[in-house]
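First up is the structure itself, then whatever we jot down about it.
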Amino acid sequence: MPKIDPRVDAYIAMAAPFARPILEHLRDLVHRAEPRIEETIKWGAPFFVLEGIVCSMAAFKAHCGFGFWRAGRPEPSGEDGAAGQFGRITAVGDLPADAKVIARIREAAERNRSGDKPDRPAPKARAPIAMTTEFRAALAKSRPAMTTYEAFPPSQQREYLEWITEAKTEATRDKRIATSIEWLAEGKTRMWKYRR
């Protein structure tokens, strides 16, 4: 017997009338595909879990969404849409055939059980930012600022370099260099105001 969460019943009951049959149908397909899947509510929407999140569904003002947490592969037919793997669903008829949805749910559950990770593109390498001559000279004049800057990891050094090199005028760049030296001498990161 499927593991039903009464909060999902309440979510479906509160959905717009057009959405209720869609959500009930998706819920039924999930439990037909894999009876051991459990229901829960995460981030205010129904999620289906089995050794991790398998899929989720949500009702919006004019459509529903259904998606797989670790999608793995896109649909060649273009079904993977912005609102979830099956696009904006406004009626049960917008869904692919039940057998296809069930197969995707089983595939996602198996991926969780096997520990298989979805293919993700490698992060793009960011081009290095050259330190301006003026900033280098200002750092050389302040030992505390230089010590702090050199102790920072590359990401925090980059924050200062980006801030300085993105200045549109020379006056702004000079002001940012002066501020950077002041903050670095105090041991502060570039985003110190926003850290807790």
Side-chain angles (χ1 to χ4, degrees), residues 7 11 15-16 40-49 51-90 108 111-112 114-196:
R7 297 174 300 167
Y11 182 93
T40 189
I41 296 287
K42 291 180 180 287
W43 303 287
F47 276 70
F48 301 94
V49 296
E51 297 182 40
I53 297 171
V54 174
C55 55
S56 65
M57 64 183 185
F60 302 99
K61 187 187 265 187
H63 71 278
C64 292
F66 181 75
F68 298 94
W69 195 250
R70 297 178 353 162
R73 61 168 173 78
E75 280 294 319
S77 64
E79 289 171 346
D80 284 6
Q85 269 69 22
F86 299 123
R88 294 176 184 269
I89 306 163
T90 58
R111 194 175 297 116
N112 277 5
S114 71
D116 184 25
K117 297 199 174 173
D119 296 333
R120 292 202 174 130
K124 293 179 182 176
R126 295 168 73 181
I129 299 175
M131 184 184 293
T132 66
T133 307
E134 296 83 4
F135 186 46
R136 187 178 309 281
L139 277 173
K141 291 179 187 174
S142 173
R143 173 57 58 203
M146 177 66 89
T147 303
T148 300
Y149 182 81
E150 289 176 345
F152 279 160
S155 61
Q156 289 178 340
Q157 291 177 357
R158 185 181 186 89
E159 288 176 351
Y160 273 108
L161 294 175
E162 284 177 342
W163 188 49
I164 292 166
T165 58
E166 289 172 355
K168 293 189 178 20
T169 65
E170 190 174 325
T172 302
R173 188 191 69 224
D174 292 344
K175 184 176 178 187
R176 288 181 180 180
I177 288 172
T179 302
S180 295
I181 297 302
E182 178 186 329
W183 289 349
L184 285 165
E186 295 172 5
K188 295 178 178 175
T189 64
R190 158 76 179 92
M191 300 296 187
W192 67 271
K193 293 179 189 177
Y194 308 107
R195 305 229 199 285
R196 291 181 188 214

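We're numbering straight along the sequence, starting at 1. Worth saying up front: this structure is predicted, and the values here are computed from it rather than measured.
Using a 4.5 Å cut-off on side-chain heavy atoms (C-beta onward), M57 and I89 make no contact. For the pair W183/K193, a side-chain contact is recorded, criterion being any heavy-atom separation below 4.5 Å from C-beta on. Considering only heavy atoms from C-beta on, T40 comes within 4.5 Å of R7 through its side chain. R158 places a side-chain heavy atom less than 4.5 Å from the side chain of R126.
Applying the 6.0 Å contact sphere to NZ of K188 captures more than 12 heavy atoms from other residues, nucleotides or ligands.
Across A108 and V54, no two heavy atoms sit closer than the pair CB-CG1, 3.7 Å. Shown here for A138 and I177, the closest heavy-atom pair between the two residues is CB-CG2, 3.7 Å. In plain terms, the two heavy atoms of E159 and M191 that are nearest each other are OE1-CG, 3.8 Å. Of all the heavy atoms in A45 and A58, the pair that sits closest is CB-CB, 4.3 Å. Closest non-hydrogen pair, W163 versus S180, comes out as CZ3-OG, 3.4 Å. Shortest non-hydrogen contact noted between Y11 and G44 is CE1-O, 3.2 Å.
Note: R176 CZ to E134 CD = 14.5 Å, rounded to the nearest 0.5 Å. For the atom pair S155 OG and R190 CZ, the distance stands at 13.5 Å (nearest 0.5 Å). Atom CG of L184 is separated from atom OG1 of T147 by 10.5 Å, given to the nearest 0.5 angstrom.
When atom types are taken as modelled, the side chain of Q157 and the backbone of Y149 share a donor-acceptor pair closer than 3.5 angstrom.
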Is there a side chain to side chain contact (heavy atoms under 4.5 Å, CB included) between M131 and L139 once you walk through the steps?
-> CA-CA 11 Å; M131 184 184 293; L139 277 173; 3.9 Å; yes
Yes or no on side-chain hydrogen bond (donor to acceptor under 3.5 Å, both in side chains) for R173 and T165, after CA distance, side-chain angles and deciding distance?
-> CA-CA 7 Å; R173 188 191 69 224; T165 58; over 6 Å; no
Test log, rule side chain to side chain contact (heavy atoms under 4.5 Å, CB included), inputs K141 and I181 | CA-CA 9 Å; K141 291 179 187 174; I181 297 302; over 6 Å; no
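Between Y160 and F152, the ring-plane angle classifies as parallel under the 30° and 60° cut-offs.
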